Every structure is written in C-alpha cells, then in structure tokens.
Amino acid sequence: MKNVADFIIRFGQWLDTEGKPTRALPEFAQDPGEVERMYRMMTLCRLFDAKAVNLQRTGRLGTYAPCTGHEATHVGVGAAMQPEDVLCPVYREYGTQLWRGVTLTEILVYWGGDERGTDFAGPRQDFPWCVPIASQTPIAAGVAMAFKVRGEPRCAVAYIGDGGTSEGAFYEAMNAAGAQKLPVVFVVVNNGWAISVPVAAQTAAQTLAQKAIAAGIPGVQVDGNDVIGVRAVMEEALVRARRGGGPTVVETLTYRLSDHTTADDATRYRPAGELEAAWLREPLVRTRRYLESLGAWDDAREQALRSDCAAQIDAAVQAYQATPKDSTDAMFDHLFANPPEALEEQKDTARRWAAPRGTGH
Amino acid sequence: MKNVADFIIRFGQWLDTEGKPTRALPEFAQDPGEVERMYRMMTLCRLFDAKAVNLQRTGRLGTYAPCTGHEATHVGVGAAMQPEDVLCPVYREYGTQLWRGVTLTEILVYWGGDERGTDFAGPRQDFPWCVPIASQTPIAAGVAMAFKVRGEPRCAVAYIGDGGTSEGAFYEAMNAAGAQKLPVVFVVVNNGWAISVPVAAQTAAQTLAQKAIAAGIPGVQVDGNDVIGVRAVMEEALVRARRGGGPTVVETLTYRLSDHTTADDATRYRPAGELEAAWLREPLVRTRRYLESLGAWDDAREQALRSDCAAQIDAAVQAYQATPKDSTDAMFDHLFANPPEALEEQKDTARRWAAPRGTGH
Amino acid sequence: MAKVTLVEAVNMALAWEMANDPDVVLLGEDIGRNGGVFRATVGLQERFGPLRVQDSTLAEGAIAGMAVGMASQGLKPVAEIQFMGFLYPALDQIGNHMARMRNRTRGRLTMPIVMRMPHGGGIHAPEHHSESLETLLCHHAGLRVLCPSSPARAYGLLLAAIRDPDPVMFLEPTRLYRMAKQEVLDDGLALPLDRAFRLREGEDVTVVTWGAMTHDVMRAAEQLSLEKIGCDVIDLASLSPIDHDTVLDSVARTGRLVIVHEAARHCGVGAEVAATVAERGLHDLLAPVRRITGYDTVMPYFKLEHDYIPSVARIVDGIRETART
Amino acid sequence: MAKVTLVEAVNMALAWEMANDPDVVLLGEDIGRNGGVFRATVGLQERFGPLRVQDSTLAEGAIAGMAVGMASQGLKPVAEIQFMGFLYPALDQIGNHMARMRNRTRGRLTMPIVMRMPHGGGIHAPEHHSESLETLLCHHAGLRVLCPSSPARAYGLLLAAIRDPDPVMFLEPTRLYRMAKQEVLDDGLALPLDRAFRLREGEDVTVVTWGAMTHDVMRAAEQLSLEKIGCDVIDLASLSPIDHDTVLDSVARTGRLVIVHEAARHCGVGAEVAATVAERGLHDLLAPVRRITGYDTVMPYFKLEHDYIPSVARIVDGIRETART
Ligand SMILES: Cc1ncc(C[n+]2csc(CCOP(=O)(O)OP(=O)(O)O)c2C)c(N)n1
Ligand SMILES: Cc1ncc(C[n+]2csc(CCOP(=O)(O)OP(=O)(O)O)c2C)c(N)n1
Ligand SMILES: [Mg+2]
Ligand SMILES: [Mg+2]
C-alpha cells in the first residue's frame, strides 16, 4: 500500500530538572530580568495556591482548583501572549491570568462564590473560568474568527486539560480552526490526571499533541515544567497564527502536584510514589537554579521575593474578605441589557426573600 | 527537538478503474462466484436507486438519500462483515444493509415516511438509519462494549460521512473505543461532499483516515470504488477487532454521483466537470471488467441480471405500495413497554382526530 | 412593495441588516454557496463574501461556540441550525455560555447572537426534521425565544432579534416557509420584542398559539365564526418572555382559554401560559383551560405526522367545547 | 436495618441489583477507583470489576451514546453524569435516540437505561454544579424522570428504574445526599413507578414539590400547622409522567394549590402541574394557584444561591397567603 501522509510529533525541553540548558536558549531566556519576572510570578502562584487551599480548609473560600505544579506552563503561556490576545482559560491557570492582569483578589472573589470575580479590571476581553470541560475551545475559535473577520493580528489562546481532550467540543474546535485557518493556539495541559482518571485510561493516543493531526494542524509537545520551553514553543505558535498560518496544538507535559480540587482526595486513586517522583521534576526549582547560574539569584533575593509575595497575598485576602456580599438584585441586573418587564416583579420578590446578608458562606 | 511519535497513513487499491488488479488479490477475489455475488448486489443497488429517485419525483416516496457511486464501499463492507456483527448505518448504505438481509421493501417503507421500515425482519440487532449526523458512532462503540463485556467475538461497524467527521461525537466515539480497545470499525465514506460543503472546507486534514491518530488507533485509506479493496481492508480490521486488537478507522475514497438527497440540487454548488470526471472512476464498470477478465461475465448475464434486479425491485415497489398506512395507535404503542396511564387518554384523542386514512403522502 | 414568502422575508431582513451593520456575520451549514437548505441565505455570500457568510464545518456545537466567541468581540453572529432536531449538540454552548455570559461576567462580555432554526413539521421531511423543541430553549433564563407566524412578522422580528444586544433564538416554522406570500415593506423597521400579536378579535374564547399553528387556529376561528363563536386569537410570537398581560387581558374579556401548539404537551410552553392564567387570571375563568397540542409521543415520521399535529377539525372541536362549557 | 444517607441508599440499590442481575453495568466519569465524586459507587468496582463498573472517558455524549449501544444488546447500563450542568453534551443521544429507539424501531431495539445525575444546588458548589434542568428531560416523550427525596425512596425508585425496560432519568438531589439518615431495608424491593407520594395530610392547601425542596416544604408545613393551616404535601417523585390524579384528588379536598420547585419558573415542571389543575380541577380551586420557584435568572454562584432557592420563610409566606385567599 502507498504512503499518502506522514506525521511526526516532536518534544522539546530547554531546561532540565536541574535548570541546565539542554539546547541553545532563546533570546528572552538570556535576559536575567525577563527570567526573573517569570520566576517571580511562578513563586507568587505557588504561595497563593497554598493560601487559597488554606482559606478553603478553614471555611473562608469555596471549592478551589489548585495550580501547584503547573506554574511553568501557566506563566510561560502568559509571557508568550500579547496583551491584545484573548485568553480562554479552564479553571486553574492563574499564572497566565495574573500575568495578563487579573488580580489575586478577583481570583478569591470568584472562588468565594461571587460572579464579580469574573469582571476583570485588567484583561477586559479575556474569558472567565470555564467549568464545563472543553467548551472554552470552540469559543476561542470564535474569538479567533472575529480577529480574522476584522483582519486584526491578534490570537486567541484556549487551555484544555488531558481529560478535556476526550470531549468532542475540543476536536470540533481544532477542526473548525484548521479548516478556517484561525489564529488560535490550543494549550493541552497534560498533568497526568483528570480527577481520578489517568491519561492512559483517557485515550490510546501516545501523545496528546497528535490530536492535532486529526484536524490537519501542527501539534507539538513541550516539557510543561520548563518555563523557557513553554514560552518558546508558544511564541512560535502565536507568531505563526498572527501571520495567518493557522492554529497549533501545544501539549505541555506537567503534573498535578495537588488534589484535583479542594473537594477531592487524590490519595484514593494515585499510585504510591508517583507524586513524590513528580515533585523531583517540578518547575520552580529548575527556574531558580537557572537564575542562580546566571548569577541573578540568591537566598536573600528569594527571601525578599517570598515576603513580597506574602504581602501581596495578604492584601488580596484582606480585600477579598472585605468585599461585601453582592446585592440580591445582581442576579437580575446583569442578565439582559433590556430586561423583560416580568423580571422586575421577580426581582422584588427576591429582595423580599433574600437570605439575610452575612450568610452565604 | 526530539521525535516522540510518528505516523503513516497508507492508501490501498486492488482494482484500477479498468478492473485490472494493481496488486495481488486476496483469496475471495479469485473466486468468481464470490465476486459475482458482490457485483450482483452492486447492480441491484444502482437500479434500485434509480427507481427510488423516480418514485420520489413522482410523489410516491418521501425525501430519499441515493447511493449511486457508493456501491463498492457499501457492498464491500457488507461482504466483510459476519451476520452476528452489528451495523450502525447513516442513511444511504443500502448495499451493506441489503447484503445483511434488510429488504428493498423495508427501505421503501422507511423513506415512505413509516417507522415500520426500521423493524428489519433480517438483521434484528442492526440499527436503523441514523439522521442526526455522527450520533451512530458512540452507539457503535457501546454495542462493541457490550460484546467486550460478554466476551463475544463480534464487531460493531459504524458508517460516517466526510462531513460527519467534523462532529465531536465521532471523535468521542473513536477515542473511547481506542481507550477501551473495543471491537468496532468506523467506516468513513469520503464521497467528496457534505451536501454543498467539499471536504477541503470541512477540515484541513489531508486524509480522513488520519483522524484515527487522535484516538491512537489505526487509520487506513482505501479506494472506495474498488469492492475488492474495501472488503480486504475491512476484513483485516474486523479480524483484528474480533481478536481484541481494538478499533480501526477505514476511509473509503468515493464520490457521490447523485444529489445529496432528492431535496437537493447539486448543480448549485458543484464545480463543472467534477461529476463527469467522477463517473470515469465509478465502481460497477471496473468490477464487471474484472469479472469478464475471469471469464465469468458477458452481455447475456448482464442482461439477465438486470431483468432479475428489475423484477425484484418491481416486487418490492408493489409490496411497498400495498402497505396500508399504519394505525394512529402506533405512535403510542411502541413508546414504552409499560405505558403510563395518561397516554391511554391521549391515544383515544388521537384516534378520534386521526387524519383520514389514505392521506399522509 | 413586494409579495414575499416567509423564507424570503428572512432573507430580506438578513440582507438589510448586513448591508447596514458590518458587524453582522452569518454562519451555518450550507448557508453560503448553497444558500441554505431552505434558501434563507440565498445570494448573501455572493453579495457579502465568504467571511460574512460562512459555511461552517458540520458541527453545531462549534457553530454555537464560535458564535459565543465572535459575539464577545462585538460581532453580531447570526447562526443557522439546519433543523431544530440538530440543535442538541449546540445546547451546551447555548445553556452554559450564551445565556449566561453577560450575567456571569457582570455585563463585561455580551452575547448579541441570533440562532435561527426551522421549527415544526408538516412538510413530509425525514426523521428528526420536524421537531418543536421550544421548551428546551424557553426554560433557559438569559435567552429570548421568538417564533414568527407571517412574512411580515418574520422580517420585523428578525431585525429586532439581530439588533437586540442579547441572545435570541429565532424559530422559523418550516410549514410556513413557502406557504403564503404577503406584502412586506423592506424598510428596515423592526417589530417590538416581548410582545404578542392579537390577530383576531372575539368575545367568547381566547385562543393562544404560535408558529405554524397560528394558521390552523385562524382557519378554525373562521369556521367557528359561522357558529357565532368569537375567537380572540393571540399569536404569542415571543415564547420567552411571554407577553402574559395580553393573554390575561383577553381572558378577562372572554373568560375562556384554549392553547394550541404543535410541541408535545408535557411541559410544553402551553403549560406556562395556562399556569400563569391559573395564577393571575383564575377568577376570570368561566371554563377549564384547554390545551390542544402534539401528543406525549415522538413526532412520527411523516406518514403519521398529520395524526400528531393538531388539525383544524380538532381545534374547532376543542374551542367549541370550551365555548359551550 | 441500617440507617443510611441518600447517597448510601443509591449505593445499596446499585450493589443489590448488580449482584442479582449480571446485565447491569455502570459507567461514568470517576465512578470506578474513585467511587464517584459523591461516593455513590464506592466499593462497586472492587466488588464487580472494571468491566461492570467502567471509568468512562471524559465525554458525556459518548457515555450516553454508549449506553444506547449497550442497551440495544440487552445490557442494562446505569450511567452517571457527574453534575446536571454537564448533561448538555448527552442530550443529543438522550433526545434523539434513547427516548425514541423503541418507538422508531417498533419495539425491536429497546433502551433499558438509567441515567443518574445530581440535581439542584445549596451545597456551595462551583458554577454549573447546581442546576435543576428537569424540564429539559421531562419534555421528551419516551423518558421517565424520577427525583427521590429520601434515602428509602432513592433506594426503591432506583431499583424500579433499573428494572424498568425503558430509559429512566434519575435525578439525585445533591442537597440531600448526606443531609439525613433514614432506616432503609436492603431487601431489593422496588417502589412503584409513575406515582407521587403523599407525605403529610392537611385540609387547607395542597403543596406539590419534589427533590430537595420537599424538606423545606415539610418544615414550612410544620410551622404552618402551628397557625392551624393544614398542608397536604405531595412529593411528586415522578416528574414524567406526573401522577396528576393524586394532585387532583388533593386539590379536590383542599381547593388550594401551591407548587414549590427550585428550577426556574418559566416552563418549569410546576407549570405542567398548574396547567393540568387548570384543565381538570378548575372548579375545585378556591384560590389562584401559586408557584414558589427559582427565578427566571441564572442559578447564582454560591454566595447568592440561597437568595435564589426558595427559603422556608418564603414558602411559609406563600402557602399562608394562598390559604387566606
Ligand atoms: C462537561 C463536564 N463534564 C464533567 C465535569 C466534571 N469535571 C471537572 S474537572 C474534571 C476533570 C478534568 O480533567 P483535565 O481536563 O485533565 O483537567 P485538570 O483538572 O487536570 O486540569 C471533570 C470530569 C465538568 N466540569 N464538565
Ligand atoms: C447533527 C446534524 N446536523 C446537520 C444535519 C443535516 N445534514 C444531513 S446530511 C448532511 C451532510 C452529511 O454529509 P456527509 O457526512 O459527508 O455524508 P453524505 O451525505 O455525503 O453521505 C447534513 C449537514 C444532520 N442530519 N444532523
Ligand atoms: Mg488533567
Ligand atoms: Mg459526504
């Protein structure tokens, strides 16, 4: 039989687990200031995560989806994007969001059960967290279509998890984006698990990057714990997309170092030793080591960074806790630009029967 | 960057457009009787199709989806299957269905607007025609799962069109079947068009067989106008599946020589010359030529076959036209095994207000 | 002024708005070169180009999801779902995103989207081509749901739908697409949203209906007028929200209410009309409410579809019974 | 006899039926090793193996579609949808196939399927985890829709659902999963389908409800009894079909009807109850029907969810008003 098509999936790593370059680094990685910026954000994410989990455990936050372990992926993606691009996240990509201007307070307000957390002061066109798995991906294709219709050199970036790749919506989005050559990048965060289901039970595909082949678009794998690598691969994909070269799938290989959410208990299902092994590949240490090798980091700066982050986080927690519960009217006021008359009556009823303020969580 | 996975899509053809073998033929193709059986069925499909379109044009049948051009694919798939396998068709794969025992009359009764056409006397477990595009594919995966649960060496076969491959349901089915190693074959009938949308507008993928790569399962392309090739490739896939080797995607390259349905007018959208060119590759002639080269066919037999088919078709049309309209009760009687009481009252109402018999189409 | 069919009126409204608002973009299966399977978009791709009249991939979920993304950027997507039975794959995007995005982002991201789709049966179509699933949409807060019953209302309501800054589901009765022509002025004037239309005045029975059934109800009303039974016929037109005041006003005068729809009875939109009258107009009712609807069974394949769709005779009988109670 | 929670009762019923019927196969996301996000299937994969308790890929459409295929082969799949807000991708298979296959094949292929899913809010869950979408299912002829309100009813109705030869949608109120324990005999006895349960007798007002709201209604009834207002409380339990006779009997005695549900009001199942009483029990009504429901807005994220879900105080007030009219 005749070969009519062949495909290769490539994997890239720039920094190994010790922070040693495994190949020539891109320009941005040679600028210590730039690497430091990324490292600072990764550290902020890590420390914020611990705080948020603690808030949940002590009854001051709702169910929360931690990001520990994903910092390189999230920050690398954020750093590669332009401000005028549009992000369609899932629910744990705080690193990207913070880089783009979402605030710690907004994140807390959101997971505190309040829609106002999605009204980002910063990236006004970014989408909020998206709970229905995979549904953000066709939306990102639509955002990209708007850029194409208007001839704007902007990109949409959609996240999706390894589990999420099993949903048809993801495939439909890749396929439509490929057919219409849309400026969108799909970032598949392969963190090994979809709640309790490991990747091997989710698909027979040996890589998730190869999902792209079904849509006729490029797919590439990168070490998702290597912030330099993630940023480099993303920059390439984004540049191509902006030039009319169409979509890309970028699979970042990382690991969920936490429970799925604070409502989950991963010890029920994860094989012994896996978590410990994964900690040896986590993203912060290698970035720090690399910074140190540039002579741009030391313990004192680390201490200063940590207390700086702690202060930011404390301020955010305070702002969050000082946020009064929203008015009952809110659930009516934002539904329509021109609300139907009948809703006014329901709004009155709702006011009358609102749960006493001060309750709610 | 490191190569971590590579894939090849292969295309196979056994008989060229002139009916000349382009490679060593499988055993079944060396048995003239077996080839004749397939050719007879392909001819029946072609002649039946013309009759059905004529019935629709003269107001004696509802909207009908013709199969002209697809005969090699449909008959090749049918001949490769075992009777105990289960077929999940779309809406135009009569060749497979007839091979498996569905009757011409049932097909007419169905397209005449009557569910009784789906109550196949023959293959009792085969699914009826499936109008919601792609939704038959997860169903086929489920059928295959039942075989796996029960340890039965049977297969499910799902058809899907080139357009249908854009639906997420198809991808979900492939992916689940791959992850769970289910005995199912997905036959992608690439006939060039999804109503008015050509394949190139449907996907950037250069083949549809490569959709399989996203699910980590084998995908292969075959000349869909070559009944020997289709049967050979299908047999291989079915044997593997029955032995626990998991699913396969088989893309058959063919062409829709008709309008999409009798409600469509393909001259609106198809480029000039394409149809004429496609007729040069159609499946019947090459099969006949091959039979002739075996010394197993001549004009007299062709004439006899045609009048035999015509007689069968006439008998079916008569049986169809003699089928009285179903009773109004039918829409209630088959909804539940144990109908809720309230439905009885509605059934009475429906009886009272039934449209006069003799109307309906 | 041209006499046009309902589907031509849809085409006219789309063309008007596309010419006047560069943000309006159409998408859907076979809507470009082919002009749509019902020809609703015929000529528009030639006129406005393939970026403004997009042939989508065959994936309703992607169509709806892309509409969400496009709308968030200020475009005004008008998406076509080829038949209402193929709406299901789009429901996740409609229910979980389109209907909610303005609310959950507190007004930051808005969804000026129209989803057009054929509605109902009676045209001898294949299976799954004759569904009336308006309830599924109406139950979702954050959506408006419209169903016009004449070329003029199709024209005026579609313009209103496209101009509305929130998502509107626009149900086009297949049975009416080519049924009758009407003079429609192509003046770009929209009809008001959220309003029912009183199509006929009568003193005896209020008859509420929408979509294709409107015509059967009007024929029934005509027949009943010979028996001196006067029907106050209301075409709901807006199925969410419902213009309950118009219904209640009428019931206050007639004391009797009959609701006619093609969709299945159980949890059909008719139930909402009846329930509201039982709440807010109970003391006006002189006779039990009556619903004349499709049965709680699957819309039959076409040989039996007219056993399912309420016939004029059945409507006449039902109204007469109610009038005499 | 063990005291169990509702989620434990679900687990008991699944275990009973799996032990007694080898055709019962469970599928869903995280139901195996993890025992389900609510622990409804805990221990079952260990006991019955991974072919009978299958961790599905993350695709609700595939879960429902595979259930259709499995059922056609005589298996009895019991599929779990992790939260009702994630039901949407499964609706195509449910509406276009599951509900119809027996009918459209004239009884040849049957669908003995149960789709289990959590229902409703009040547990401080993330967005899209607190939906009450029963209307979407109830409007589909060919499905039964159940919603138990106690451990014993969950046990008995789930057994009935699995044994029924047709598809049953089984809605499990999240708020009740662990709320209260009840003694449930693990005797494999099913409760009857298509029947409502009268939970409390009273002479003044019929109160119809289901799911988690049942408990708030019972508390309201308790309070009102101190004011000498007697509530006849009916837990509908079967939302499709509805046991209208039980409701009508009660209304015939009380003359008053209040319906309480958590879902949005517009086209909620409450409308069907009200409409049927307006048709068949109008002359028994001494006061307007009243619906006390979620609002026609999006179920808010949890800080405001108790502003949305009808509170006991709101229910008490509504019933009292109706009683006094
Ligand atoms: C459509 C849908 N189905 C199910 C869920 C429940 N759910 C939430 S997260 C999750 C697993 C997601 O795994 P993955 O995509 O790998 O993302 P990760 O959590 O690992 O970042 C599931 C099943 C959901 N949110 N949406
Ligand atoms: C879910 C769904 N969407 C849309 C349609 C309308 N429709 C019927 S056939 C068709 C095109 C199918 O093309 P393809 O899959 O290539 O199959 P072919 O007709 O060429 O055999 C479309 C869009 C449908 N039946 N189902
Ligand atoms: Mg994951
Ligand atoms: Mg095709």
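A note on names: the letters A, B, ... follow the listed sequences, proteins ahead of strands, and every chain is numbered from 1. As the structure is a prediction and not an experimental result, all values here were calculated from the model.
Within the 4.5 Å cutoff, the side chain of D:Val298 has no heavy atoms near those of the A:Met331 side chain.
Contacts from residues 313-325 of chain D to chain A, taken as heavy-atom pairs separated by less than 4.5 Å, involve D:Ala313, D:Arg314, D:Asp317 in sequence order. Listed by sequence position, D:Asp30, D:Arg33, D:Asn34, D:Val37, D:Arg39 are the residues of residues 27-40 of chain D in contact with chain A, using a 4.5 angstrom heavy-atom cutoff. When the heavy atoms of residues 158-173 of chain A are compared with those of chain D, the residues falling under 4.5 Å are A:Gly163, A:Gly164, A:Ser166, A:Glu167, listed by number. For a heavy-atom cut-off of 4.5 Å, chain A lies close to D:Arg265 in residues 256-265 of chain D.
Crowding of A:Glu345 atom CD: a count of heavy atoms from other residues, nucleotides or ligands under 6.0 Å not exceeding 12. The number of heavy-atom neighbours closer than 6.0 Å to CD of D:Glu227, taken from other residues, nucleotides and ligands shown, is above 12. Applying the 6.0 Å contact sphere to CD of A:Glu341 captures no more than 12 heavy atoms from other residues, nucleotides or ligands.
Here the NE2 atom belonging to D:His124 is positioned 12.0 Å from the CD atom belonging to A:Gln56, to the nearest 0.5 angstrom. In this structure, the separation between CG on D:Leu304 and CD on A:Glu115 is 6.5 Å, given to the nearest 0.5 Å. Taking OG1 from A:Thr323 and NZ from D:Lys303, the interatomic distance works out to 8.0 Å, rounded to the nearest 0.5 Å. Distance check, rounded to the nearest 0.5 Å: OG of A:Ser135 to NE2 of D:His128 gives 7.0 Å. In this structure, CG in D:Asp55 is found 11.5 Å from OH in A:Tyr269, a value given to the nearest 0.5 Å. Note: A:Thr63 OG1 to D:Glu127 CD = 12.0 Å, rounded to the nearest 0.5 Å.
Interface remark: D:Gln54 contributes no atoms to any contact with chain A (heavy atom separation under 4.5 Å). Residue contact with chain D, scored on non-hydrogen atoms closer than 4.5 Å, is absent for A:Arg351. Looking at D:Tyr295, the atoms closer than 4.5 Å to chain A (heavy atoms on both sides) sit in the backbone and in the side chain alike. Contact annotation for A:Leu335: only side-chain heavy atoms (C-beta onward) come within less than 4.5 Å of a heavy atom of chain D. Neither the backbone nor the side chain of D:His266 comes within contact range of chain A, judged by heavy atoms closer than 4.5 Å. When heavy atoms are compared at a cutoff of 4.5 Å, D:Tyr308 approaches chain A by way of both its backbone and its side chain.
Taking both residues in full, the closest heavy atoms of A:Tyr110 and D:Tyr301 are given as O-CE2, 2.7 Å, listed atom of the first, atom of the second, then distance. What you find for D:Asp307 and A:Lys325 is that their closest heavy atoms are OD1-NZ, 4.3 Å. Taking every heavy atom of both residues into account, A:Ala201 and D:Thr57 meet most closely at O-CG2, 4.0 Å. Contact detail for A:Leu343 and D:Asp296: the closest heavy-atom pair is CD1-O, 3.4 Å.
Formation of a donor-acceptor pair under 3.5 Å by the A:Gln202 side chain with backbone atoms of D:Leu58 is found in this model.
When A:Ala342, A:Ala330, A:Ala350, A:Ala65 are compared by the number of non-hydrogen pairs under 4.5 Å with chain D, A:Ala350 comes out ahead.
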